[in-house]
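Data block below; observations after.
Only a predicted model underlies this, so the values are computations on that prediction, with no experimental measurement involved. Only this structure's heavy atoms are used, side chains among them; waters, hydrogens and symmetry mates stay out. Along the sequence shown, residues carry numbers from 1.
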Amino acid sequence: MIRALIVDDEPLARSSVSAELRHDPDVTLVGECGSGEAALAQIRESRPDLVFLDVEMPECGGFDVLEMLGAEVPPAIIFITAYDKYAIQAFEVGALDYLLKPFDGARFELALQRAKERISTYRAAPRAADRLAIKSIGGVVFVKVAEIDWIEAEDYYARLHAGGKTHLIRRSMADLEKDLQSFSFRRVHRSTIVNLARVRAIEINEIGEYDVRLSDGSTHRVSRSHRRALQAMLGEDSA
């Protein structure tokens with residue numbers, strides 16, 4: 001059984017999708033949301049396989065939802081919108097399909113069939129996302145996780161440093177730390193996460209504290225609470 005969620009700020013649009021889903025015995029509707037904020041909470045709680053996601057919603061649109069979900073993005077995302085100008089961006093962020101309102105039953109069925117195939121493949125071989133979608137002015141950019149050197153906290157955001165460029169993402173450090181553990185990223189300070197593959201040395205600075213030096217030339221303070229764990233992961237002798 002495929003668990004589906006509908007996210008759209010227009011009640012009529014939600015009703016249209018819901019009506020189409022009732023024709024398919026393989027799909028169960030786990031909820032409907034009228035805002036991006038509600039969608040974030042519902043997705044994290046109910047873990048749907050498939051989300052029909054509106055692009056333009058007040059305060060928190062579809063692209064914002066995907067950015068804030070990070071690795072928690074469901075296997076299949078189908079954007080639904082009245083505007084075709086977002087199509088390229090939608091596919092760039094990994095959307096499975098893009099339904100333009102109003103859509104007919106045949107077009108909806110095609111999108112749903114694609115979703116079933118995607119979800120079947122995902123269930124057979126689930127894997128962590130290997131890139132992060134980051135909303136920018138005029139679109140969305142992707143940063144490969146393996147190319148990130150380090151991450152720093154910046155108020156309610158986080159700033160990624162990758163290949164000499166920086167990207168501001170609306171995610172908490174705690175969320176990023178959890179999502180990136182499988183890629184050998186570790187926190188060295190409450191405000192810093194580093195890519196262990198980029199670590200070149202652990203050094204004692206002039207005041208007797210430990211710094212970690214990365215391949216991009218940057219150095220970062222290692223707090224006492226994280227020092228031993230970092231040394232163990234890197235195969236260094238504890239001091």
Side-chain angles (χ1 to χ4, degrees), residues 5 7 31 33 35-49 51 53 57 59-75 77 93-94 122 126-136 140-163 165-199 202 209-216 218-234 236:
L5 176 70
V7 183
C33 300
S35 69
E37 291 88 347
L40 286 168
Q42 183 71 21
I43 290 171
R44 287 166 174 157
E45 178 182 348
S46 60
R47 303 289 180 179
D49 306 296
V51 177
L53 183 61
M57 292 180 288
E59 298 182 5
C60 183
F63 292 123
D64 296 311
V65 170
L66 295 188
E67 181 184 26
M68 288 186 282
L69 282 173
E72 296 178 286
V73 173
I77 300 292
V93 297
Y122 179 88
R127 60 190 180 121
D130 61 0
R131 60 181 183 171
L132 296 176
I134 303 173
K135 187 177 180 182
S136 63
V140 174
V141 297
F142 288 94
V143 176
K144 291 183 178 180
V145 169
E147 295 177 355
I148 299 172
D149 299 303
W150 59 286
I151 304 169
E152 64 177 323
E154 188 163 321
D155 294 326
Y156 296 104
Y157 293 76
R159 185 171 294 279
L160 311 183
H161 295 258
K165 298 181 180 180
T166 66
H167 308 272
L168 197 63
I169 186 170
R170 187 159 53 172
R171 300 287 307 284
S172 71
M173 294 291 280
D175 284 346
L176 288 169
E177 182 182 23
K178 176 183 176 182
D179 289 349
L180 298 176
Q181 279 185 349
S182 61
F183 295 96
S184 296
F185 281 75
R186 291 295 183 273
R187 185 175 283 197
V188 297
H189 190 274
R190 63 181 179 82
S191 61
T192 312
I193 297 172
V194 302
N195 183 346
L196 296 184
R198 298 289 197 272
V199 174
I202 297 177
E209 297 291 340
Y210 281 70
D211 290 339
V212 62
R213 178 164 52 84
L214 306 184
S215 56
D216 67 351
S218 64
T219 59
H220 308 278
R221 179 65 49 83
V222 180
S223 68
R224 291 180 180 273
S225 60
H226 294 287
R227 184 194 306 170
R228 289 186 180 277
L230 178 64
Q231 289 175 321
M233 293 171 189
L234 294 172
E236 299 284 341

Once salt bridge (Lys or Arg N to Asp or Glu O under 4.0 Å) is applied, do any residues pair with Glu209, and if so which ones, sequence neighbours excluded?
Arg224
Sequence neighbours left out, what passes salt bridge (Lys or Arg N to Asp or Glu O under 4.0 Å) with Arg190? Give chain and number order.
none
Would you check if Ile169 and Ile151 make a side-chain contact, meaning some heavy-atom pair closer than 4.5 Å?
no
Asp175: what forms a salt bridge (Lys or Arg N to Asp or Glu O under 4.0 Å) with it, not counting sequence neighbours?
none
Just jot down the side chain to side chain contact (heavy atoms under 4.5 Å, CB included) partners of Arg186, sequence neighbours excluded, or say none.
Gln181, Leu196, Met233
With sequence neighbours left out, write down each residue that passes salt bridge (Lys or Arg N to Asp or Glu O under 4.0 Å) with Glu72, or none if nothing qualifies.
Arg44, Arg47
Any side-chain heavy-atom pair from Val65 and Val7 closer than 4.5 angstrom?
no
Which distance, rounded to the nearest 0.5 Å, do you find between the CD1 of Ile193 and the CG of Leu176?
5.5 Å
Can you list everything that forms a side chain to side chain donor-acceptor pair (under 3.5 Å) with Ser223? Sequence neighbours excluded, please.
Ser225
Between atom CG of Leu160 and atom CG of Leu180, what is the distance when rounded to the nearest 0.5 Å?
8.5 Å
Do Asp211 and Val222 touch side chain to side chain, with heavy atoms closer than 4.5 Å?
no
State which residues pass side chain to side chain contact (heavy atoms under 4.5 Å, CB included) with Ala153; sequence neighbours excluded, sorted by chain then number.
Met173, Ser191
Taking side chain to side chain contact (heavy atoms under 4.5 Å, CB included) as the definition, give me every residue that meets it alongside Thr192, ordered by chain and number, with sequence neighbours left out.
Trp150, Val188, His189, Val194, His220
Below 4.5 Å, heavy atoms only, C-beta onward: do Leu69 and Pro74 meet side chain to side chain?
yes
Only counting residues at least two apart or in another chain, list the ones meeting side chain to side chain contact (heavy atoms under 4.5 Å, CB included) with Val143.
Ile134, Ile148, Ala162, His167
Does the side chain of Asp179 come within less than 4.5 Å of Arg171's, by heavy atoms?
yes
Sequence neighbours excluded, every pair satisfying salt bridge (charged side-chain N to carboxylate O under 4.0 Å, His left out) that has a member inside residues 149-161:
Asp149-Arg198, Glu154-Arg159
